[in-house]
Every structure is written in structure tokens, then in C-alpha cells.
Peer 1: 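Questions regarding the structure given below will be posed in turn.
Sequence lines set the chain letters: A, B, ... in the order given, protein chains first and strands last, and positions in each chain run from 1. Reckoned from all heavy atoms, side chains included, excluding hydrogens, waters and symmetry mates.
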Amino acid sequence: MRYSQMFIPTLKEAPADAQVPSHKLLVRAGFIRQLSAGIYSVLPLAQRSLNKIQAIIRDEMNAIGGQEFHLPALSPRELWEESGRWTGMGENMFRLKDRKGADLCLAMTHEEVFTAIARGEVRSYKQLPQFWYQIQTKFRDEPRPKSGLLRVRQFTMKDSYSFDFDWEGLDRSYEAHRHAYERIFERCGLTFVQVDADTGAMGGKASTEFMVKTDAGEDLIAFNVESGYAANVEKATSVIPAEEDETGPEKPEKFPTPGVRTIEDLEQPPFEVSAKRQIKTLVYMVNGNLVLALLRGDHELVEAKLAAAAGSTDHRPAHPEEIRSALGALPGSLGAVGVRGLKILADHALQGRTNMVTGANEDGFHLRGVVPGRDFTPEWVDLRLVKEGELDPKGQRPLQVAKALELGHIFKLGLRYSQTMGATVLGPDGKESPIVMGSYGIGVERILAASVELHHDDDGILWPMSIAPFQVALLPLQPNDPQVKETTEKLYQQLTAAGVEVLLDDRDERPGVKFKDADLIGLPVRVAVGKKALAQGKVEWKKRDSKEIELKSLDDLQREFAVLGALAGRGR
RNA sequence: CGGGGAGUGGCUCAGCCUGGUAGAGCACUUGGUUCGGGACCAAGGGGUCGCAGGUUCAAAUCCUGUCUCCCCGACCA
């Protein structure tokens, strides 16, 4: 491809609203343009890379027996009511009405549609397992789109679904996908980690996220390299030292705490109650009911854990008025002692503790000598946010916490959709049983952006060979010099014939401009044809990730081309 | 939704406080000189100052409303 004939609008300056490196560089290098908040146009360079990423994904999905579909993005309300997600998806789902006034949505994911196909057409266990997938546009009305392609409202997802007769089958399908995902991300040149994750709105039994560690990510993962433990902090647990409590009074004692509103206030004189001896009482509205969430004073709540424990599809912190009318006090003086009729969830770290301090549900008063389990009866659950340095749950090694970006997520859905939507098959015993399902997603544009986050420098992008828009940038430095021109054209022909994808910068620009643009766009190899080297019968060969320029004869280049061509031909 | 910031040629921004009829750099067009890391000179083209209303002789500038975008918190590929 000749640069002069291709649309590559590079910019010297990054747009003011770009924050993360991938956003700045993809815009500057002419890969994307923003149309609206969280909605991007893909330009030709990016489309080439995305095509390569998709080819890798197809290759690996087909390798595990995946069959490609293409399902509609538009979807009728009735289908989503069957699974309960018409309301369950909440505001994140784009909804619209057709001319007759019928409700439709733009699908965020396709469990419902695939399940509907399966239930209509799959009748026997003999037809299972099935792996169905598609690469398709998804719509999500994100409350806060941000960071360029990292969090958007319209994006391309590879989503696949496995249908098995039994749970062992699901385990096999899940592992097959895990291995396919490992190969996909490896081939895309990404360093990734797999972490245990919360299943969230998808429902289901277990899930694994494929994460890339980067500051541009929005998730936090806790891990220890030696023990191999890794989990999203929404799911991560840790071992913390036990607290020694003194024996307290027989029953809780109320004491005045005028003006105390926070855990920190109670730590101050004259009270001097360490946060570790306090019970933090948070009130949430979960599916329309108030729920108390109890934690040690110095611990933080993970809302996802609360939601999972409470079986929530919809939750938010309760409003002060709601709290006052239910408990008789405002935040700052809340506690679980004496509370009737509300679900009480308490974090494991409070189990076995005695002589604790908590709010008295009377403004300006607290209780001391409180014993969880004696003075109130909670449901014991995990609610606590793990912190760096705490010990992992297995190997007892200290955890690290890092920011990460989610590229893929695989779920053991189980019977979540087959049961609610009636997708069953007949087993060998002639009895109907619901299909055991899994679902598996990859964000295609996120792979592109994650690659830039991982591989860039001050001058621009460094594409891995496998997903670069072209493999080679061919730069004639003096395009009007006959010998330079002739050599460049010859190289272009040879490279193309060898199956190498070349971007020939045939513009009548000064060498500096071409070098700058080449570095910015970030093709893996740069071949420069200039009068200097040509005088020795050579051209310059430089890898984008190296500072060294090698002078090569045209014969040397032929060998390099053969290697490159073979790489390109394999799509990696 | 809660909190913070910003909308002025394609991009980055100044002008606004203290109203007086719109400017710089980059990009673009033409001519010339240059030519190995984003050249220089000259001459050009291009802007409803987000939108609506108000105040005023006069509004980019002051007031009100509204829309959009970005950032920080709760959701997800």
C-alpha cells in the first residue's frame, strides 16, 4: 500500500481530552476518531489490525470446534423478559421502540438469543456439546465512557457459548476455551494474567478474567507470583492476623458519643477505640430491601461481594432518610444490635470477636461490649476488600495489588439461562434435562488498545508483528532521486511478492517527517532507502523496538523478507 | 446519578475578569528556496465563538436556561 493513497491522518498533538497512552497514540497515529462519548470510528490502519486480531480469534475458536454465527444486534423485549434481564440489565441497555411501539433493545451480550436457538433446535444429548460463537457489535450505555477504546458504548466482541449435557462437559468446554484464550492473547503479543472473578450480571457459578496489567486498567487484581494465586479484588480473599479481644461486659453498654460521625472520630480521645475494635455498619438498598453490611472498622466494603452475598441484581447505598426511618438514627451511630426484620450480613473478620464498639441506633450514642453472634445474628459472608501485603488464602504469601484491564472473561453459566428459558435435551434415560451452558467473551478493540498500552514509547506505538497494520514501513528518503526511487520500487515489488505487507511512504516529504510518522504509526520494521547507504549498495533496516540501524545488502533483505513473509502468511 | 472542569477555523490554545464587531502556532492551498529526525520565506482559503433566550447603542466577553465533551466515584469486554 502506498502512503499517498491511504487515509492516515496523523497529528502532531494529542487531543486535549485524551488521558491514557493508547487513546492519545491511536488518535495521533490516525487509527481512530471519536464520534461521540464512547463511540469511535475505526480508520483504515486500525481496521487492518482489527482484522488480524479477528483472524487470530477465529483461528483459535475454530481450532476448538467453534462454529461461527452472526446474530442480530436488535432484539425483542419478550426474549429478555424470559431471562429476567430486560429489567436486570438496568440502564446499561440501549432500548428503542419500533414504529408499532414494540420494545426492542440493542443486545449487550447474546445468551438469550443463542439459548433461544438451542432450545428450538437441539433436542438430544447426542447433539451436544456445541460451541457457538460470533464476532459482533455490542452496545452498552455505559454510565461513564472513558480512556479512548478502553471503555466505550459500542464495541466488537467475540462471544461464544458452550452447550453441554452435564457439568463435566461444561468443565471440558470451559478448559477448552481457557486454552484457546491463552493462545489468542499470546499470539496477539500480550502479557496477561488469569484471575478468579465475580460473575456479576451474567450469573453463573464461576468465572475467570483474562487481564493485562496496566495503569490504564480500571480493575484491581490481587496476586502472588510464587503461589500462583490471582483474583480480582471483587473476589479476592486473604488471611489476616487474628485480633485478641479482652473480655467485655455481659451485655452491651450504651455510652454517649456526641458529635461522633466516623470511625476516625471514635479513635480520637476521649474514646480511643481502635478501628479494629469497631464494627462498621453500612446500609444498602438491595432489590428494594434494606440490608445491613457489617465490617471491621478499618476494612472496606466490596460492593460486588455484597451484591453476590445478597443475590442482588440492583443495589445502591441507602439514602439517609431511608436509614433513619428504618433504624432510628443517621449514619455515624448505626449498629446491628436490636435490629429486627432486616437482613444482616457480617464479614468473616468479625466472627469470634468480642467486646466490640458499634453505633446504638440513637444519634450521639454508641454501644460497647458488643459480641457479634450473641448480640445480633448475622449471616457470615465475605465482604472485605483485600489489601496489599495481606497473605493469600492458600500459600500464605503476601499479596500484591495492581491495576489491570479486562480483555476476556469466561463464565460457567450452568443452568442460569437454560432453566429460565426452558432449553432442555433428552438424556440417554429419556428424561429432559436443562442444557449446561458456558459463555465466553473477548473485547476485540480492547486487544488493540491493550497492545498499545503495553507496547509504546515517547515516539509512538510498537506493534507486535502479528497484529501490526503492515509489517514493514518502506521509506524512500529522497523520493525524487532516480536511484532511490528505482531501488524502493524494486524492494516494494519483492516484499509484496514475498507476502509481506508494506506501507510505502511515497510522499514527497522530508526524511524527518517520514521518520516521525513511521515511529508514531509503529510498524515493526523500517526499511529506509537513502542516497548515503545506497552508495555502498545497501539500505537501512531498523526494528521499531531497537535503536540500532543495520545496513543490509539487497540479498540480505531477500532472506529477511522470506522470514517476514512466512510470519505474515501464518497470521502471526 | 453525585462531585469537578471545558466548549473560540481540522488540531493545540489565547482573547472573556474590565462588552466596541475574532487572533496565534500546527494543518491546508499557491509560488519560491530547501532536503537524513516533524524546514524557511511570501501570498492565500477557512470560524453561526456549542445552542436558545435575556441585558445593552453594541455580547466570544455580562445574566438565565439548555446541550455536548472530559475528569473523579458506583458498572463491564
Side-chain angles (χ1 to χ4, degrees), chain A residues 9-20 23 27-28 30 33-39 57 89-93 108-109 135-159 181 197-202 207 209-212 217-219 232 234 284 301-304 306-307 313-317 319 405-411 439-450 459-460 475-481 484 507-520 526 528-534 540 542 549:
Chain A
T10 59
L11 299 172
K12 286 187 182 175
E13 290 177 279
D17 51 17
Q19 309 285 323
V20 299
H23 187 191
V27 172
R28 280 194 57 209
R33 285 294 184 267
Q34 180 171 350
L35 182 62
S36 179
I39 305 179
I57 292 173
M89 285 297 196
E91 297 282 293
N92 267 25
M93 189 150 73
M108 301 169 61
T109 172
I135 296 175
Q136 205 239 21
T137 304
K138 298 287 193 271
F139 299 87
R140 296 186 184 177
D141 195 0
E142 290 289 339
R144 194 153 100 72
K146 57 178 283 199
S147 304
L149 292 184
L150 295 183
R151 179 167 218 73
V152 292
R153 298 195 291 170
Q154 172 177 342
F155 62 99
T156 311
M157 179 156 94
K158 187 290 300 178
D159 48 323
Y181 275 37
D198 178 55
T199 54
M202 299 295 287
S207 75
E209 288 170 329
F210 291 77
M211 296 283 204
V212 164
E218 302 180 83
D219 284 278
N232 193 307
E234 292 182 347
Y284 272 75
L301 173 72
V302 177
E303 284 200 16
L306 172 68
T313 51
D314 177 40
H315 60 275
R316 61 168 171 80
H319 301 314
L405 174 67
E406 182 186 0
L407 295 182
H409 200 161
I410 60 178
F411 298 86
S439 97
Y440 316 87
I442 290 180
V444 177
E445 291 90 346
R446 268 196 188 172
I447 291 180
L448 188 81
D459 292 317
L475 311 188
L477 300 182
Q478 298 86 14
N480 297 321
D481 178 89
V484 169
R507 296 175 299 170
D508 187 13
E509 290 285 356
R510 300 157 63 86
V513 172
K514 295 186 179 183
F515 289 140
K516 286 290 185 188
D517 275 334
D519 286 344
L520 181 59
R526 186 185 86 191
V529 182
K531 280 194 281 193
K532 279 187 195 169
L534 218 47
E540 295 169 22
K542 179 180 170 300
I549 295 175

Peer 1: Using the C1' atom in both, what is the distance from B:U61 to B:G54, to the nearest Å?
Peer 2: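 One C1' to the other, the span is 15 Å.
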Peer 1: According to the Watson-Crick and G-U wobble definitions, with both distances under 3.5 Å, which nucleotide is paired to B:G44?
Peer 2: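 Pairing partner: B:C28.
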Peer 1: A:Lys158 vs A:Tyr440, test: side-chain contact (heavy atoms from CB on, under 4.5 Å). Steps then yes/no.
Peer 2: CA-CA 8 Å; A:Lys158 187 290 300 178; A:Tyr440 316 87; 4.0 Å; yes
Peer 1: Just so I know, are the side chains of A:Leu475 and A:Arg507 near enough to count as touching, which here means a heavy-atom distance under 4.5 Å?
Peer 2: no
Peer 1: So, A:Asp219 versus A:Asn232: side-chain donor-acceptor pair below 3.5 Å or not?
Peer 2: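 There is such a pair between these side chains.
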Peer 1: Nearest heavy-atom pair of A:Pro479 and A:Lys514: which atoms, and what distance?
Peer 2: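 That closest heavy-atom pairing would be CG-NZ, 3.9 Å.
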Peer 1: Please name the pair of heavy atoms, one in A:Arg526 and one in A:Ala518, separated by the smallest distance, quoted to 0.1 Å.
Peer 2: CD-CB, 4.4 Å
Peer 1: Applying a 3.5 Å limit to both distances, which nucleotide forms a Watson-Crick or G-U wobble pair with B:C69?
Peer 2: B:G5
Peer 1: side-chain contact (heavy atoms from CB on, under 4.5 Å) between A:Thr137 and A:Gln154: does it pass, once the steps are laid out?
Peer 2: CA-CA 7 Å; A:Thr137 304; A:Gln154 172 177 342; 3.5 Å; yes
Peer 1: Can you tell me how far P of B:C75 sits from CG of A:Asn92, to the nearest Å?
Peer 2: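 Going from CG in A:Asn92 over to P in B:C75 covers 10 Å.
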Peer 1: Using a cutoff of under 3.5 Å, can you pull out all pairs of nitrogen or oxygen atoms linking the protein to nucleotides 71-73 of chain B, with atom names and distances?
Peer 2:
{"from": "B:C72", "atom 1": "OP2", "to": "A:Arg144", "atom 2": "NH1", "distance (Å)": "3.2"}
{"from": "B:C72", "atom 1": "OP2", "to": "A:Arg144", "atom 2": "NH2", "distance (Å)": "2.5"}
{"from": "B:C72", "atom 1": "OP2", "to": "A:Lys146", "atom 2": "NZ", "distance (Å)": "3.4"}

Peer 1: Take atom C1' in B:A27 and the same atom in B:C63, then report the distance between them in whole Å.
Peer 2: 37 Å
Peer 1: Would you say B:C69 has OP1 or OP2 under 4.0 Å from some side-chain N or O of A:Ser36?
Peer 2: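 Answer is yes, contact under 4.0 Å.
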Peer 1: Between B:C17 and B:A60, how far apart are the two C1' atoms, rounded to whole Å?
Peer 2: 14 Å
Peer 1: If you look at every heavy atom in A:His409 and A:Ser207, which pair is closest and at what distance?
Peer 2: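 Minimum heavy-atom contact is NE2-OG, 2.8 Å.
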Peer 1: Distance between the C1' atoms of B:G9 and B:C49, in whole angstroms?
Peer 2: 10 Å
Peer 1: Kindly give the heavy-atom pair with the smallest separation between A:Val484 and A:Leu477, and that separation in Å.
Peer 2: CG1-N, 4.2 Å
Peer 1: Please write out each protein N/O paired with an N/O of nucleotides 42-49 of chain B under 3.5 Å, distance rounded to 0.1 Å.
Peer 2:
none

Peer 1: Between B:U18 and B:A22, how far apart are the P atoms? Round to whole Å, please.
Peer 2: 23 Å
Peer 1: In whole Å, measure the gap between the P atoms of B:U33 and B:G25 for me.
Peer 2: 24 Å
Peer 1: I'd like the C1' distance from B:G45 over to B:U30, given in whole Å.
Peer 2: 11 Å
Peer 1: Round to a whole Å and report the spacing from CD of A:Glu234 to C1' of B:C75.
Peer 2: 9 Å
Peer 1: Under 3.5 Å for both donor-acceptor distances, Watson-Crick or wobble: does B:C76 have a partner, and if so which one?
Peer 2: none
Peer 1: Which heavy atom of A:Leu407 sits nearest to which heavy atom of A:Ile447, and what is that distance?
Peer 2: CD2-N, 4.1 Å
Peer 1: Measure CZ/A:Arg33 against C1'/B:A27 and give the value in whole Å, please.
Peer 2: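 Result: 12 Å.
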Peer 1: Across all strands shown, which nucleotide pairs with B:U61 by Watson-Crick or G-U wobble geometry, both distances under 3.5 Å?
Peer 2: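 Across all strands, not a single nucleotide pairs with B:U61.
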Peer 1: When the ring planes of A:Tyr181 and A:Phe210 are compared, do they come out parallel, tilted or perpendicular, using 30° and 60° as the limits?
Peer 2: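 Ring orientation, 0 to 90° scale: tilted.
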Peer 1: Does A:Glu13 reach a base, just sugar-phosphate, or nothing at all? Heavy atoms under 4.0 Å.
Peer 2: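 Result for A:Glu13 = base.
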Peer 1: Could you tell me whether A:Val152 contacts a base, only the sugar-phosphate backbone, or nothing, with contacts defined as non-hydrogen atoms closer than 4.0 Å?
Peer 2: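 Contact class for A:Val152: base.
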Peer 1: Flag the pair A:Asn92 / A:Pro143 as yes when at least one side-chain heavy-atom distance between them is below 4.5 Å, and no otherwise.
Peer 2: yes
Peer 1: Just the rounded figure in Å: distance from C1' of B:A77 to CD1 of A:Ile57.
Peer 2: 11 Å
Peer 1: I need the NE2-P distance between A:His319 and B:C1, as an integer number of Å.
Peer 2: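 Rounding to the nearest Å, NE2 of A:His319 and P of B:C1 are 13 Å apart.
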Peer 1: Please report, rounded to the nearest Å, how far the C1' atom of B:A77 is from the CE atom of A:Met108.
Peer 2: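 Computing the A:Met108:CE to B:A77:C1' distance gives 11 Å.
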Peer 1: Both distances below 3.5 Å, Watson-Crick or wobble geometry, any strand: find the nucleotide opposite B:U33.
Peer 2: B:A39
Peer 1: Here's a test of your reading of the structure: between A:Gln34 and A:Asn232, which maps to the more 5' nucleotide of RNA chain B?
Peer 2: A:Gln34
Peer 1: If you measure from the C1' atom in B:C11 to the same atom in B:C72, how many Å do you get, rounded?
Peer 2: 27 Å
Peer 1: Would you mind pulling out the nucleotide paired to B:C16, Watson-Crick or G-U wobble, both distances under 3.5 Å?
Peer 2: none
Peer 1: Within the 4.5 Å heavy-atom criterion, are A:Glu218 and A:Arg151 side-chain neighbours or not?
Peer 2: yes
Peer 1: Taking the nucleotide of RNA chain B with the closest heavy atom to each, which residue, A:Gly38 or A:Glu209, is nearer the 5' end?
Peer 2: A:Gly38
Peer 1: Output the rounded distance in Å from OH (A:Tyr284) to P (B:A74).
Peer 2: 9 Å
Peer 1: Just by protein heavy atoms under 4.0 Å, how would nucleotides 32-41 of chain B read 5' to 3' in B, S and -?
Peer 2: --BBBBBB--
Peer 1: If we ignore hydrogens and angles and just use 3.5 Å, is the side chain of A:Arg446 paired with the main-chain N or O of A:Leu150 as donor and acceptor?
Peer 2: yes
Peer 1: Minimum heavy-atom separation for A:Met157 and A:Lys138, please, with both atom names.
Peer 2: CE-CE, 3.4 Å
Peer 1: Distance check needed: B:A74 P versus A:Asp198 CG, whole Å only.
Peer 2: 14 Å
